Amino acid sequence: MQRGEETAQRVRCTHHVGERSVARHLLRAPSRGEGLEQWAQSAHCSARTLQRSFSSQTGLSFSAWRTRLRVRAAVPLLREGVSVARAAEAVGFSSPSAFSSACRTVTGRTPGCLRTAEL
């Protein structure tokens with residue numbers, strides 16, 4: 001299992017089928033831009049229920065969980081030599097600076113440092 005897949009396994013969110021479906025979709029395509037409200041509709045629950053589920057199962061808000069997932073999904077791209085801007089776009093960040101900020105928040109490192117760092 002690759003490191004990204006290991007991380008994805010650790011980021012599982014919930015026991016509820018609808019909410020688990022949201023996590024699976026995002027694990028497969030972290031760049032998807034739907035917000036909490038849209039994901040809650042697809043899970044047939046309220047946004048508050050989805051938020052509580054993510055918080056109780058992961059210790060993170062939905063937004064923080066998705067940001068962490070996106071940063072982790074970008075690491076293999078960076079290691080393959082993809083530019084920071086392209087990696088940011090590929091995993092759904094609005095800009096390279098937003099990606100850089102998220103990297104520092106999630107890992108304590110810049111995207112450039114993530115090219116060789118063990119996570």
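Throughout, numbering of the chain's residues begins at 1 and tracks the sequence. Note that this is a predicted model, so its numbers are computed, not measured.
- Residue Glu89 places its CD atom among 12 or fewer non-hydrogen atoms of other residues, nucleotides or ligands, all under 6.0 Å distant.
- For the atom pair Arg109 CZ and Ser100 OG, the distance stands at 15.0 Å (nearest 0.5 Å).
- Of the listed residues (Val22, Leu26, Leu60, Val71), just one forms a side-chain contact (heavy atoms from CB on, under 4.5 Å) with Arg66, and that residue is Leu26.
- The nearest pair of heavy atoms linking Thr67 to Ala102 is CG2-CB, 3.7 Å.
- When all heavy atoms of Ala90 and Leu77 are compared, the closest pair comes out as CB-CD1, 3.8 Å.
- Here the CH2-CZ distance, from Trp65 to Phe54, works out to 4.5 Å after rounding to the nearest 0.5 Å.
- Pairs passing the ring-ring contact (aromatic ring centres under 6.0 Å, His included) check and including a residue from residues 74-107, sequence neighbours excluded, read Phe93-Phe99.
- Note that CZ of Arg86 and CG of Leu78 are 13.5 Å apart. Values are rounded to the nearest 0.5 Å.
- In summary, the side chains of Ser63 and Ser61 do not present any donor paired with an acceptor at a separation below 3.5 Å, with no hydrogens or angles considered.
- Between the SG atom of Cys103 and the CZ atom of Arg70 there is a distance of 12.5 Å, given to the nearest 0.5 Å.
- Between the side chains of Thr49 and Ser46, a donor-acceptor pair is found at a separation under 3.5 Å.
- In this structure, Arg104 and Ser101 have side chains that are in contact, with non-hydrogen atoms separated by less than 4.5 Å.
- Nearest heavy atoms, Val82 versus Ala87: CG1-N, 3.6 Å.
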For residues 30-38, dump all side-chain donor-acceptor pairs below 3.5 Å to protein atoms at least two apart in sequence or in another chain.
| unit_1 | atom_1 | unit_2 | atom_2 | d |
| --- | --- | --- | --- | --- |
| Arg32 | NE | Glu34 | OE1 | 3.3 |
| Arg32 | NE | Glu34 | OE2 | 3.4 |
| Arg32 | NH2 | Glu34 | OE2 | 2.8 |
| Gln38 | OE1 | Gly35 | N | 2.8 |

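- The distance from atom CG of Leu114 to atom OG1 of Thr107, rounded to the nearest 0.5 Å, is 4.5 Å.
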